[in-house]
Amino acid sequence: MFFSKLYAPTLKESPSDADLIGIKYLIRAGFVRKIAAGIYTYLPLGWKVIKKIENIVREEMDATGSQEIMLPIIQPAELWHESGRWEDYGPEMMKLKDRHDRDFTLGPTHEEMITAVVRNELNSYKQLPLSLYQIQNKYRDEIRPRFGLMRSREFIMKDAYTFHADEKSLDEYYDLFYSAYDRIMKRLGLKYLAVEADSGTIGGKGSHEFNALAEAGESTILYCDCGYAATDEKAEYKIETIKVNEELLPMEKVETPNVKTIEDVSKFLKVPRKKIVKSLLYKGKKGFILIMIRGDQDLNEAKLKSYYGDQTIQMANPNEIMEEFNVPVGFIGPVGISKKVEIIGDKSVEGMKNYVVGGMENNYHYKNVSPGKDFNIKLFTDLKMVKRGDLCPVCGKLLKEKKGIELGQVFKLGIKYSNSMNGVFTDEDGKSKPYYMGCYGWGISRTLEASVEQLHDENGIIWPLSIAPYQIMITVVNFSDVAQKEIGLKLYDMLKGNGYEVIIDDRKLSPGFKFKDADLIGFPLRITVGNKIKEGKVELKSRLSRDKKEITIEDTGLLMKTVEEMLKNYNPAEKIGE
RNA sequence: CGGGGAGUGGCGCAAUUGGCAGCGCACCGGUUUUGGGAACCGGGGGUUGCAGGUUCAAGUCCUGUCUCCCCGACCA
């Protein structure tokens, strides 16, 4: 490719609305353009990288025996009513109506669609297991799209779905996809962690995430040297129940004027945060739930939703609380609260006595409250947001924390969708059964940004070899110089002949401009054809180092060998990673 | 959805009290340059987000509306 013909408009300044280094570089280097919040256009360089990522993913999917298909983006609402997710997924969905006022959604995901497609003709155990996948656009109406391609409203995703006669077969495929994802990460050349994950709105049990490590990542990963790793939403910890041999003290109601937060209560009553119990009021499908958790801990909503199997659970809003309980937020507590509220406790409060809770009245708290005596907790379960420094659930050592960008996730769906949507097959015994399902997503467009987030320097992007739009840039310092031009073109043909993807900078620009562009776009290898040709030499430079190798042009064998070696030794994640 | 900020050539920005819409980059033509974003000369490109209003006169003031960005929307 001649640079003069490439449509890659580079910019000296970043657009003012770019919020992460990755999207800044992708825009400046001419890979993408933003069209609206969370909606992007891929220019030739960006699309070339996308296709390379797609191909790696496609090859690994094909290798598992999965078959590629293409489902529609526009999906009728009735399928979502069947699964119950028209409400559950609700606000996240881009919805539209046709001229007859019928409801549709732009697919945020395709579990409903795939089930609808296969349920008519996948009806015998002899057809199972079946594995299908597609690569296409997804649409999610994010509350606040941001971080470039990481949280966008339109994005490209690979999603695979598998169908099984029994759980054992599902487990086998789950492992198959798990190792395929491992290979994808390795081929992409990114540093990553595979972690246990919460299954969220998708539903089902059993899930792992594949996270590319990067500071800008939105996922928090708790991990341990012993090999345990999980997202913060999923992470467990070694629970040490405290046994206190205190005598039960009589409950006392104290005035705490304008003292609302745990911080305030702790200061005002001169009680450590550990001796205060937060009462968090939530509302789900079954009504109000009051969660008791120790004052110095945070609630993990994902665990709560998962415990109740209700994705609609939300914190009750202040107005609602006022209307229902006639008490302002901040003074909610378990003592004397309406019987229709279910009270459950986090493991952190199990065994605690004589603690402080909200007084169920403006400006009052209770002291020396104990369950069993003053109120009842239905049960204790783990609802805590695990943090750095908590104990590893496997080996008991301190957990560490890193930020990651979630690229892939594998789920065991079980029979959730086949059950609600009547996806059944006839088994050997002649009985009709819902099939077990698995689903496996990979964020293609997000991978583009994740790579840049992980691999860049002050001059621009650094591409892993496997997804670099071109591997080699030939910078002809002065293309008007006949000798330079000739050598540049000869080199270009030779490299292309050897199977490399090459760009030659034939633009009539100053050398500095060309070098800056080459670094910004991030070619793994740059060959400079300049005044050194007078000594019969060209210069080879890796994007990763400042060192240059001068090679005699005449010795084409050595030249090709050096190119090959430099590219072979080019491993940015090793040098820069994290 | 709440609070704050902002919309001016493709990009980044300026415009005093309401008084000729400007600068840098990019783009086009030309001359000289060519090893880390070259210099000079000349040139094109705008309904100042949109719709109304006030005024002799509106980028600037008023009303409405759309979009973008930041913070929050949860830890009582």
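Just the heavy atoms: all of them, side chains too, but no hydrogens, waters or symmetry mates, feed the values below. Because the structure is predicted, anything quoted here is derived from the model rather than measured. By convention in this document, chain letters (A, B, ...) are assigned in the order of the sequence lines, proteins followed by strands, and residues within each chain are numbered from 1.
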Are the side chains of A:M292 and A:P371 in touch, meaning some heavy atoms are under 4.5 Å apart?
no
Who pairs with A:K283 by side-chain hydrogen bond (donor to acceptor under 3.5 Å, both in side chains), at least two apart in sequence or on another chain?
A:E320
Any residue meeting side-chain hydrogen bond (donor to acceptor under 3.5 Å, both in side chains) with A:K303, in chain and number order, not counting sequence neighbours
A:D382
Taking the inter-plane angle between the rings of A:F288 and A:F325 on a 0 to 90° scale, is it parallel (under 30°), tilted (30 to 60°) or perpendicular (over 60°)?
perpendicular
Please name all residues satisfying ring pair (Phe, Tyr, Trp, His ring centres under 6.0 Å) with A:Y307, sequence neighbours left out, ordered by chain then number.
none
Here's a test for you: under salt bridge (charged side-chain N to carboxylate O under 4.0 Å, His left out), which of A:K24, A:K34, A:R146 qualifies with A:D17?
A:K34
Quick one, A:E342 with A:Y308, criterion side chain to side chain donor-acceptor pair (under 3.5 Å). Give me CA distance, side-chain angles, the key distance, then yes/no.
CA-CA 12 Å; A:E342 179 161 310; A:Y308 278 98; 2.7 Å; yes
When A:S14 and A:L281 are each assigned the nearest nucleotide of RNA chain B, the 5'-most assignment goes to A:S14
Which parts of nucleotides 2-8 of chain B does protein reach within less than 4.0 Å, heavy atoms only, written one letter per nucleotide 5' to 3' as B for base, S for sugar-phosphate only and - for none?
-------
Pairs where residues 456-465 of chain A contributes a residue and the test side-chain hydrogen bond (donor to acceptor under 3.5 Å, both in side chains) is met, not counting sequence neighbours
A:D457-A:R543
For a salt bridge (charged side-chain N to carboxylate O under 4.0 Å, His left out) check, start with the C-alpha distance between A:E196 and A:K234, then their side-chain angles and the critical distance, and finish with the verdict.
CA-CA 7 Å; A:E196 288 179 22; A:K234 177 72 182 178; 5.6 Å; no
Taking only side-chain N and O atoms of A:S510, does any of them lie within less than 4.0 angstrom of OP1 or OP2 on B:A38?
yes
Is A:E154 salt-bridged to A:K138, going by a charged N under 4.0 Å from an acidic O?
no
For nucleotides 65-74 of chain B, just jot down a letter per nucleotide in 5' to 3' order: B, S or -, based on protein non-hydrogen atoms under 4.0 Å.
---SSSB-BB
Only distances under 3.5 Å count here; give the side-chain donor-acceptor pairs of residues 501-515 of chain A to other protein atoms, sequence neighbours excluded, each with its distance to 0.1 Å.
from	atom 1	to	atom 2	distance (Å)
A:E501	OE1	A:K52	NZ	2.5
A:E501	OE1	A:Q471	NE2	2.8
A:E501	OE2	A:K48	NZ	2.8
A:D505	OD1	A:R507	N	3.2
A:D505	OD1	A:R507	NE	2.9
A:D505	OD2	A:R507	NH2	3.1
A:D506	OD1	A:F3	N	3.3
A:D506	OD1	A:S4	N	2.9
A:D506	OD1	A:S4	OG	3.2
A:D506	OD2	A:S4	OG	2.6
A:R507	NH1	A:D517	OD2	3.1
A:R507	NH2	A:D517	OD2	2.9
A:K514	NZ	A:V476	O	2.7
A:K514	NZ	A:R507	O	2.7

Residue-level proximity of residues 520-543 of chain A to RNA chain B when a heavy atom falls under 4.0 Å
A:L520, A:R526, A:T528, A:G530, A:N531, A:K532, A:E539
Can you list the steps and then say if A:E550 with A:K532 is a salt bridge (charged side-chain N to carboxylate O under 4.0 Å, His left out)?
CA-CA 9 Å; A:E550 292 181 7; A:K532 293 260 165 58; 3.3 Å; yes
Between the protein and nucleotides 25-32 of chain B, list every N/O to N/O distance that falls short of 3.5 Å.
from	atom 1	to	atom 2	distance (Å)
B:C25	O3'	A:K12	NZ	3.4

Taking RNA chain B as the partner, which of residues 369-378 of chain A come within under 4.0 angstrom of it by heavy atom?
none
Can A:K384 be said to sit on top of A:Y237's aromatic six-ring, NZ or CZ under 6.0 Å from centre and within 45° of the ring axis?
yes
Within 45 degrees of the ring normal and closer than 6.0 Å to the centroid, is that where the cationic atom of A:K95 sits relative to A:W86?
yes
Under-4.0 Å salt bridge between A:E324 and A:K340
yes
For a quick check, tell me whether the side chain of A:R28 and the base of B:G37 share a donor-acceptor pair closer than 3.5 Å.
yes
Record whether the side chain of A:D519 comes under 3.5 Å of the base of B:G36 through a donor-acceptor pair of N or O atoms.
yes
Whole Å only: how far is the CG atom of A:L11 from the P atom of B:C11?
9 Å
Output row for RNA chain B, stems defined as at least 3 consecutive Watson-Crick or G-U pairs under 3.5 Å, is B:1-7 with B:66-72, B:10-13 with B:22-25, B:27-32 with B:38-43, B:49-53 with B:61-65
Can you pull out every ring-ring contact (aromatic ring centres under 6.0 Å, His included) where at least one residue sits in residues 350-383 of chain A? Sequence neighbours excluded, please.
A:F331-A:H365
Of A:P15 and A:P511, the one whose closest nucleotide on RNA chain B sits nearer the 5' end is A:P15
Under 4.0 Å, heavy atoms only, any strand: does A:I262 hit a base, just the sugar-phosphate, or nothing?
sugar-phosphate
Would you please classify the geometry between the A:F2 ring and the A:Y492 ring as parallel, tilted or perpendicular, with 30° and 60° separating the classes?
perpendicular
